[in-house]
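Have a look at the structure below before the remarks.
Note that this is a predicted model, so its numbers are computed, not measured. Sequential numbering from 1 along the given sequence is applied to the chain's residues. Because only heavy atoms are used, hydrogens play no part in the values below, and waters and symmetry mates are left out as well, while side chains stay in.
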Amino acid sequence: MKRFPAFDPAEYVEWKAEPQLVRAFRATIEQHDERAAIVSRLTIDAKLDLYAGLVRARLHDIQLKRWVRTGVISKAWLGTGEEATTVGPVHALDREHDVVAPMIRNASACCEMGMSLAAMLRAYLATDDSPSRGRDLHVGSLPDGVLQPISHVGDMVPVIAGVALTFKMKGERRVALTWVGDGSINTAAAHEGTNFAAVQKVPAIFIVENNQVALGTRLEQHHLPGEFKDWAASYGVWGAQFDGNNVLDAFAATRIAAERCRAGQGPALLVADTFRMGGHATHDEREARETFPAELFATWGKRDPIGLYEEYLKEDGVKAKRLNEVESGVAVQVEQAAEEAIASRGKMPKGETALEGVYAIPGTMDS
C-alpha cells in the first residue's frame, strides 16, 4: 500500500518484503491442518475483504494522526502494526449476530462490524451526532454489535462473559468476543471474568493481545517468565496462539474458537503476539522509542501485517492492480468520512444534554 512518510512509523516508509518473512507468513498457516483448511475455503473476495479491512484500519489511524498534526484534535490512540489482531478475528465471526467489545486500540472492529467511519471519527470531535453525543471518544454501537470500551482495560472481560451467558441462557448460537492486553490480563476483573466464563461454559472468546507493553511498562517489567498460551489450561478452557501480524492465522484461529463456542464447548482464550509501532497515544511516541531498543522496532517493522499480506495475495495470483483498486476505494471512503465528520463540528452538544441518558427519570422505571 501507499506509504506516508509524515505519518507512518519510520520502519514502514521504505518497506520492502523480505523473502524469508513472506515464506514464514504462509508457513504459519500451513503448519496447522485445521487452520490451513479454513483458509483454503476462503474465496478471493473474502481475502480481499480482509485486505480492505487492514487498509481501512491503517488509513483511519493515519487520518487521526493527520488531525493531531494539524491541530484538529490533541491526541489519538492508534493500532498501527496490530491491525491483523483485530481485523482477522472480527471477520471470523458472524457479524450479523455476534458481539464484540474492542479496546480503544481495536477501533477497526467498529467499522468491520458495520459502524460508519464518519461516526468513528466524529467520536474524536465530540459532536452532537457522534455515537456518544460528545460524552466519550470510546466508540460503540449496540445495533452493530459493538460494546463501547471501558477505560479500565480488562473490565470488558466480565462484561463479555455476562453477554455470553445471556446467549447461553437464551439458547442462541451467538458468540461474544473481547480483547485484553498483556498488562490488563493481570487485573482482578480479567481473572474473575475468565474464571466465571470457564465455570459457566459460556460462548465467549478472549484474545490476549500481547503487544509487549502495558501503556509504557515493558512486558518483562510486569510479567514473570512464562507463556500466555499456557494460561488457558489454568482456567480449564480451550486455548490457542496465533500470529498477531498474520490476518489469516488470526482469522482461522478465531473461526475455530467460534465454532467451538457455538457447539457448547465453552469459552476460548487466544493469544496474539504482535507489537505496537508507536506510543500509547500520539503524545508519547518519543517515550515509546525510548522504552524499547531500536532493534525491536526494526524487527517488527519488517513484519508489517499489510505488507506481508499483500505479498501473500500476489503469490496467490492477485494482481497488484486489483490491490491498488481496493486500496483506492478504501482511501476514498476514509476521505469522505473525514469530510463528513469535520462538517459536523457545527453540531456540538448543548450543555443541558450532558445528563441525558445518565440518570433514570422518576416514574419511568417499573416498581
Side-chain angles (χ1 to χ4, degrees), residues 1 22 24-60 79 82-100 102 106-117 144-146 173-175 177 179 205 207 240 242-263 268 270 272 274 304-334:
M1 70 174 291
V22 176
F25 186 96
R26 186 176 295 274
T28 294
I29 304 160
E30 294 175 345
Q31 68 182 342
H32 298 282
D33 291 343
E34 192 173 6
R35 296 186 196 183
I38 289 171
V39 172
S40 70
R41 292 193 291 268
L42 286 173
T43 64
I44 288 296
D45 285 344
K47 289 180 177 180
L48 288 175
D49 283 344
L50 285 168
Y51 178 67
L54 293 176
V55 174
R56 191 158 36 240
R58 182 72 55 85
L59 293 183
H60 165 268
E82 303 179 42
E83 295 91 351
T85 302
T86 302
V87 174
V90 172
H91 280 241
L93 299 176
D94 177 353
R95 287 178 279 173
E96 291 293 322
H97 301 100
D98 293 338
V99 169
V100 301
N106 306 112
S108 58
C110 299
C111 53
E112 298 310 304
M113 287 291 288
M115 287 185 64
S116 74
L117 282 164
D144 293 303
V146 182
R173 288 175 57 82
R174 300 169 69 187
V175 174
L177 180 151
W179 294 260
I205 300 173
I207 298 179
F242 66 82
D243 181 349
N245 284 41
N246 186 322
V247 70
L248 294 175
D249 199 35
F251 175 94
T254 307
R255 175 60 60 85
I256 294 169
E259 290 174 351
R260 290 178 58 86
C261 284
R262 295 188 211 285
L270 303 179
T274 185
D304 171 22
I306 299 180
L308 288 176
Y309 188 46
E310 285 175 337
E311 296 304 311
Y312 171 92
L313 291 172
K314 290 175 185 176
E315 286 186 352
D316 265 17
V318 179
K319 302 297 183 183
K321 179 182 178 182
R322 182 73 182 104
L323 295 176
N324 290 336
E325 290 172 348
V326 173
E327 180 185 347
S328 296
V330 173
V332 170
Q333 291 176 10
V334 175

Could you report the tightest heavy-atom contact between [X] and [Y], atom names first, then the distance?
{"X": "Leu93", "Y": "Ala258", "value": "CD2-CB, 4.3 Å"}
{"X": "Val175", "Y": "Cys261", "value": "CG2-CB, 3.8 Å"}
{"X": "Val39", "Y": "Lys47", "value": "O-CE, 4.0 Å"}
{"X": "Phe25", "Y": "Leu308", "value": "CD1-CB, 3.7 Å"}
{"X": "Gly244", "Y": "Ala272", "value": "CA-CB, 4.2 Å"}
{"X": "Ala109", "Y": "Val146", "value": "O-CG2, 4.5 Å"}

Could you give the distance from [atom1] ([X]) to [atom2] ([Y]), rounded to the nearest 0.5 Å?
{"X": "Thr254", "Y": "Glu259", "atom1": "OG1", "atom2": "CD", "value": "11.0 Å"}
{"X": "Asp249", "Y": "Thr28", "atom1": "CG", "atom2": "OG1", "value": "6.0 Å"}
{"X": "Ser108", "Y": "Glu83", "atom1": "OG", "atom2": "CD", "value": "7.0 Å"}
{"X": "Thr274", "Y": "Glu82", "atom1": "OG1", "atom2": "CD", "value": "5.0 Å"}
{"X": "Asp49", "Y": "Ile44", "atom1": "CG", "atom2": "CD1", "value": "11.0 Å"}
{"X": "Arg322", "Y": "Leu313", "atom1": "CZ", "atom2": "CG", "value": "11.0 Å"}

Can you check whether [X] reaches [Y] side chain to side chain, under 4.5 Å on heavy atoms?
{"X": "Leu48", "Y": "Leu323", "result": "yes"}
{"X": "Arg58", "Y": "Asp304", "result": "yes"}
{"X": "Phe251", "Y": "Phe242", "result": "no"}
{"X": "Ile306", "Y": "Tyr51", "result": "yes"}
{"X": "Pro89", "Y": "Ile207", "result": "yes"}
{"X": "Asp94", "Y": "Arg174", "result": "no"}
{"X": "Asn246", "Y": "Tyr312", "result": "no"}

Listed partners of [X] passing side chain to side chain donor-acceptor pair (under 3.5 Å), at least two apart:
{"X": "Glu112", "answer": "Arg56, His91"}
{"X": "Glu327", "answer": "none"}
{"X": "Arg173", "answer": "none"}

* Asked: Is it true that atom CD of Gln31 has more than 12 heavy atoms of other residues, nucleotides or ligands lying nearer than 6.0 Å?
  ->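 Result for CD/Gln31: enclosed.
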* Glu325 atom CD, neighbour heavy-atom count above 12 within 6.0 Å -> yes
* **Residue pair Val247, Leu54: steps toward the side-chain contact (heavy atoms from CB on, under 4.5 Å) verdict** => CA-CA 8 Å; Val247 70; Leu54 293 176; 4.0 Å; yes
* **Verdict with reasoning, Asp316 to Arg26, per side-chain contact (heavy atoms from CB on, under 4.5 Å)** => CA-CA 11 Å; Asp316 265 17; Arg26 186 176 295 274; 3.1 Å; yes
* Could you give me the CA-CA distance, side-chain angles and deciding distance for Asn106 and Val100, then say whether side-chain contact (heavy atoms from CB on, under 4.5 Å) is met? => CA-CA 10 Å; Asn106 306 112; Val100 301; over 6 Å; no
* Is the shortest distance from a Lys or Arg side-chain nitrogen in Arg35 or Asp243 to a carboxylate oxygen in the other one below 4.0 Å? -> no
* Any donor-acceptor pair under 3.5 Å linking the side chain of Ser40 with the backbone of Ala37? ->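 At least one qualifying donor-acceptor pair exists.
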* Audit row: Glu311, Lys314, salt bridge (Lys or Arg N to Asp or Glu O under 4.0 Å) steps and yes/no -> CA-CA 5 Å; Glu311 296 304 311; Lys314 290 175 185 176; 3.6 Å; yes
* **Steps toward side-chain contact (heavy atoms from CB on, under 4.5 Å) verdict (Met1, Leu59)** => CA-CA 10 Å; Met1 70 174 291; Leu59 293 183; 3.9 Å; yes
